[in-house]
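Below, all heavy atoms of this structure are taken into account, side chains as well, without hydrogens, waters or symmetry copies. Naming convention: chains lettered A, B, ... in sequence-line order (proteins, then strands); numbering from 1 in each chain.
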2 protein chains.
Amino acid sequence: MLKYMEVNEISKQQLIKSLRSRSLKADESVTKSVADIIEKVKNEGDKALYELTERFDLVKLDSFEVTESDLNECIEKAGKEFIDALKEAKENIEEYHKKQKANGYIITKNNGVYLGQRVIPLERVGVYVPGGTAAYPSSVLMNVIPAKVAGVDEIVMVTPPDKNGGINPYIGAAAKIAGVDKIYKVGGAQAVAALAYGTETIIKVDKIVGPGNIFVAEAKKMVFGLVDIDMIAGPSEILVVADEKSNPVHVAADLMSQAEHDKIASAILVTTSKKLYEKVEEELKRQCEYLERKEIIKESLKNYGKAIICESIEECIDISNIIAPEHLELMVDEPMQYLGLVRNAGSVFLGRYTPEPIGDYFGGTNHVLPTSGTARFFSPLSVDSFIKKSSFIYYSKEAVKKDGRKIITMADKEGLTAHANSIKVRL
Amino acid sequence: MLKYMEVNEISKQQLIKSLRSRSLKADESVTKSVADIIEKVKNEGDKALYELTERFDLVKLDSFEVTESDLNECIEKAGKEFIDALKEAKENIEEYHKKQKANGYIITKNNGVYLGQRVIPLERVGVYVPGGTAAYPSSVLMNVIPAKVAGVDEIVMVTPPDKNGGINPYIGAAAKIAGVDKIYKVGGAQAVAALAYGTETIIKVDKIVGPGNIFVAEAKKMVFGLVDIDMIAGPSEILVVADEKSNPVHVAADLMSQAEHDKIASAILVTTSKKLYEKVEEELKRQCEYLERKEIIKESLKNYGKAIICESIEECIDISNIIAPEHLELMVDEPMQYLGLVRNAGSVFLGRYTPEPIGDYFGGTNHVLPTSGTARFFSPLSVDSFIKKSSFIYYSKEAVKKDGRKIITMADKEGLTAHANSIKVRL
């Protein structure tokens, strides 16, 4: 089911090209209708939200607010086993993210000079959570917990109502456990617009995060600049580096765990063993049959699944660095010995017993990761995503006297005489 | 010259609206021609660069490379006074930015579990430096030094050639002192395209930073995603908080130091003293006359200059937090007492002897700052801008046994059976 290639310069280049050809680009009709929706919400506020919810979610609401008692009901419905797992996951995620809290600093110098940097949490953050079949309570934890740890004052969640005007109970339960401050039943581009511009009910936020369909993604792009957004998630990848000792049952299962997300997801096996590849092929066919999303998996593997045969684990990692996958599994012994070679990967899953879903749900690392090769320059969602920095500097009269001339020289060479003037008037 | 307002709810809202109305949005003809240029460079490489350089920079080059001997000539031409100032500025900027270096971390747990985060410098960064009248050597330092401190492997600078095929000597000198690895004489959208896609001569980078005109800004937006970019700089602001003891000569000089940048720059005085405002008005008129860019200053002050009268310094800072200025001067006694109130500002200049140009050139803080109200959620350019993070996690067989059931429960509730399967095959 995987496209077979042996590694060489040409195959490397082809590989990159084929991955780049995957795209979630919105067509013009989407762009146009999203622009219209945003304009409507901006101008008409809540009224527009009620109308659009009726049109797209096919439900007439009296209020967007999800109440405390709604949430308690969600917890009830979700069941104890799920809630217990969620709570333990939350603890793990919190523990991992707390280490990311950055401190400001100050430098003190001669002549009374001091300067430094402060770290300040964002005031208000909006988290988009899809409804329907892509309703992922784990995403609630992954987006909300880092914002909480960062110290964000107010976290607002938006999620589309179902046809009865309720919300997915697992989503509601996760929101309550994660500590979301307010939840509104509104989805799509209209929810993004409400968060960016504010309405009578929904207060304007500073940043919008969370996954969504093409309408949500397009709306986020359009309001970027007015508010900050997280990455626009592209199609995701798993790259499994495996050797002759790797268990083909495991390898196949892990490749499919990513392939099931999307027809344009990409599952890539990079291995030193052609024999392993052959066994993995058999396993893919066998296991695929009993998985719910087998149609998606088959199409994803057919179009973007690959097996690449290399000479050594080092060469496997070389390939991985070129692809810069969202998820990288290093299914080898002593995996820490190889971690230093990994330069471009969102998250690395080490050894033979760390399938990627451990990171999706439970282990503690964030599952919002750079996709489509952007791990070359983007980072996982983290506490840093919910803070900003602000610098400060103090010069005394004596310090200006000492350094003033040099500053004037530099300003003059740039032709900025008003810059120079602000120093001159103080000398 | 400043528009006078007393503070109230309406004036606050008007203020924000008027600042938002400033815009650097490219019109369609710019967008179209930038798209064409990018396509041409992507397809034709160096050949396109030579052609476009001849068309736009009116010079026929034999080579884009700036040699070591060209740079030594720049140093010569720039003169000792300038070079000495530049070197001292570099030391200050380096000292300030070194404190920003982040460390990775690791958490070790029971059952062999460990997880953590690594901090990895970007491999290659491109720095765009404008030529002509907006050639700012200080920008070279501000963009290159944090990348150097971050540990970027290769820093490539691009800057348009002048009509004789040379480069601005101050820019060349700053590049040499900052430690740029390679410099190419190419500018405009074609330079951005070359950095994003690579050509025979210019190697593809991971991130493009640095200021530029509307064509450069538009090109950066278009290649974003393929590479990372810094912020798209909008019109800039200075907001001066002053009291009755503030020196109107200083206040006026500082307001104009920002106003001279751009007709749509915004200089705002927020003060507790109407008397001060009146004196500042006189000073603006007087000092303006002897400044080179007085036409720009007058237009900027006329359209976007404001004086806002408040009851207290606390209220002044309140206004400032709403505006979220790029530069904030707190021209008061004991300014550190007020810093905690400042929530939204790119850089804060404290006290009566710290005019903003100290930070532009010399003090050590970065001058690449969030503009147009984006200090609510964006940060100054920093070492963080040139690194990425990558997480890792290890689970042992025992740990999967212990936690596997919970992960399966969570995956099942999301309908992702292939996720659950990757755990099941290991139990």
Side-chain angles (χ1 to χ4, degrees), chain A residues 81-82 85 99 105 115 122 136 170 206-207 228 249-250 253-254 256-257 260 291-292 339 345 347-351 353-355 357-359 361-365 376-377 379-380 388-397 400 403 406-407 409-411 413-414 417-419 421-423 425-426, chain B residues 81-82 85 99 105 115 122 136 138 170 206-207 228 249-250 253-254 256-257 260 291-292 345 347-351 353-355 357-359 361-365 376-377 379-380 388-397 400 403 406-407 409-411 413-414 417-419 421-423 425-426:
Chain A
E81 193 187 2
F82 176 78
K99 297 266 180 191
Y105 62 86
L115 67 168
L122 301 187
Y136 298 149
Y170 303 112
D206 298 312
K207 181 162 185 166
D228 192 16
V249 178
H250 297 181
D254 295 4
M256 290 189 293
S257 78
E260 81 169 329
L291 296 171
E292 259 177 42
L339 189 57
S347 195
V348 187
F349 301 83
L350 299 165
Y353 283 87
T354 319
I358 290 181
Y361 292 109
F362 198 80
T365 53
R376 283 190 299 120
F377 41 79
S379 304
K388 66 202 172 192
K389 284 152 186 170
S390 176
S391 56
F392 59 90
I393 183 164
Y394 174 86
Y395 257 54
S396 65
K397 195 171 177 177
V400 174
D403 290 337
K406 304 164 207 165
I407 299 169
T409 298
M410 293 179 75
K413 298 299 185 210
E414 295 188 354
T417 56
H419 281 62
N421 183 55
S422 79
I423 304 289
V425 297
R426 282 173 170 88
Chain B
E81 194 187 0
F82 176 77
K99 297 265 181 192
Y105 62 86
L115 68 167
L122 301 187
Y136 299 148
S138 59
Y170 302 113
D206 299 312
K207 181 163 185 165
D228 191 17
V249 178
H250 297 183
D254 295 3
M256 290 189 294
S257 77
E260 81 170 329
L291 296 171
E292 258 177 42
S347 195
V348 187
F349 301 82
L350 300 163
Y353 283 87
T354 319
I358 289 181
Y361 293 110
F362 197 82
T365 52
R376 283 190 297 119
F377 41 79
S379 305
K388 65 202 172 191
K389 285 152 186 169
S390 176
S391 56
F392 59 90
I393 181 164
Y394 173 86
Y395 257 54
S396 65
K397 196 170 176 177
V400 175
D403 291 336
K406 303 165 207 165
I407 299 169
T409 298
M410 291 178 76
K413 298 297 184 210
E414 296 188 354
T417 55
H419 280 62
N421 183 54
S422 78
I423 304 289
V425 296
R426 283 174 169 88

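For the atom pair CG of A/Asp206 and CZ of B/Phe377, the computed distance is 7.0 Å after rounding to the nearest 0.5 Å. Atom CZ of residue B/Phe362 and atom NZ of residue A/Lys406 lie 4.5 Å apart, to the nearest 0.5 angstrom. Distance check: A/Leu339 CG to B/Tyr394 OH gives 13.5 Å after rounding to the nearest 0.5 Å.
Residues A/Ile358 and B/Asp403 have side chains not in contact (no heavy-atom distance under 4.5 Å, counting atoms from C-beta outward). Side-chain contact check for B/Asp254 versus A/Arg426: some heavy-atom pair is nearer than 4.5 Å.
By number of non-hydrogen pairs under 4.5 angstrom with chain A, the leading residue of B/Gly351, B/Ser396, B/Ser347 is B/Ser347. For the set B/Ala85, B/Ala345, B/Pro357, the count of heavy-atom pairs under 4.5 angstrom toward chain A peaks at B/Pro357. Most heavy-atom pairs under 4.5 Å with chain A: of the set B/Lys397, B/Met256, B/Glu292, this distinction falls to B/Lys397. Ranking A/Gly364, A/Gly359, A/Ser390 against chain B, the residue ahead of the rest is A/Ser390, based on heavy-atom pairs under 4.5 Å. Between chain A and the options B/Val249, B/Asn421, B/Val400, the largest number of non-hydrogen pairs under 4.5 Å is found for B/Asn421.
No part of B/Lys207 comes within reach of chain A, as not one of its non-hydrogen atoms sits under 4.5 angstrom from that chain. Contacts between B/Ser138 and chain A at a heavy-atom distance below 4.5 Å involve backbone atoms as well as side-chain atoms. Contact of B/Glu260 with chain A is made through the side chain alone, with heavy-atom distances under 4.5 Å. Contact annotation for B/Tyr170: only side-chain heavy atoms (C-beta onward) come within less than 4.5 Å of a heavy atom of chain A. Looking at B/Tyr105, the atoms closer than 4.5 Å to chain A (heavy atoms on both sides) all sit in the side chain, from C-beta outward.
When every heavy atom of B/Thr354 is checked against every heavy atom of A/Tyr395, the shortest pair comes out as OG1-N, 2.8 Å. The shortest non-hydrogen separation linking A/Ile393 to B/Gly363 is CD1-CA, 3.6 Å. Between A/Ser391 and B/Thr365, the shortest heavy-atom contact is CB-CG2, 4.0 Å. For A/Ala253 against B/Val425, the heavy-atom pair with the smallest separation is CB-CG2, 3.8 Å.
Within the 3.5 Å criterion, the main-chain N or O of B/Pro355 finds no donor-acceptor partner in the side chain of A/Ser422. Of the possible donor and acceptor atoms, one in the side chain of A/Lys388 sits under 3.5 Å from a partner among the backbone N and O of B/Arg376.
A donor-acceptor pair shorter than 3.5 Å can be found between the side chains of A/Glu81 and B/Thr409.
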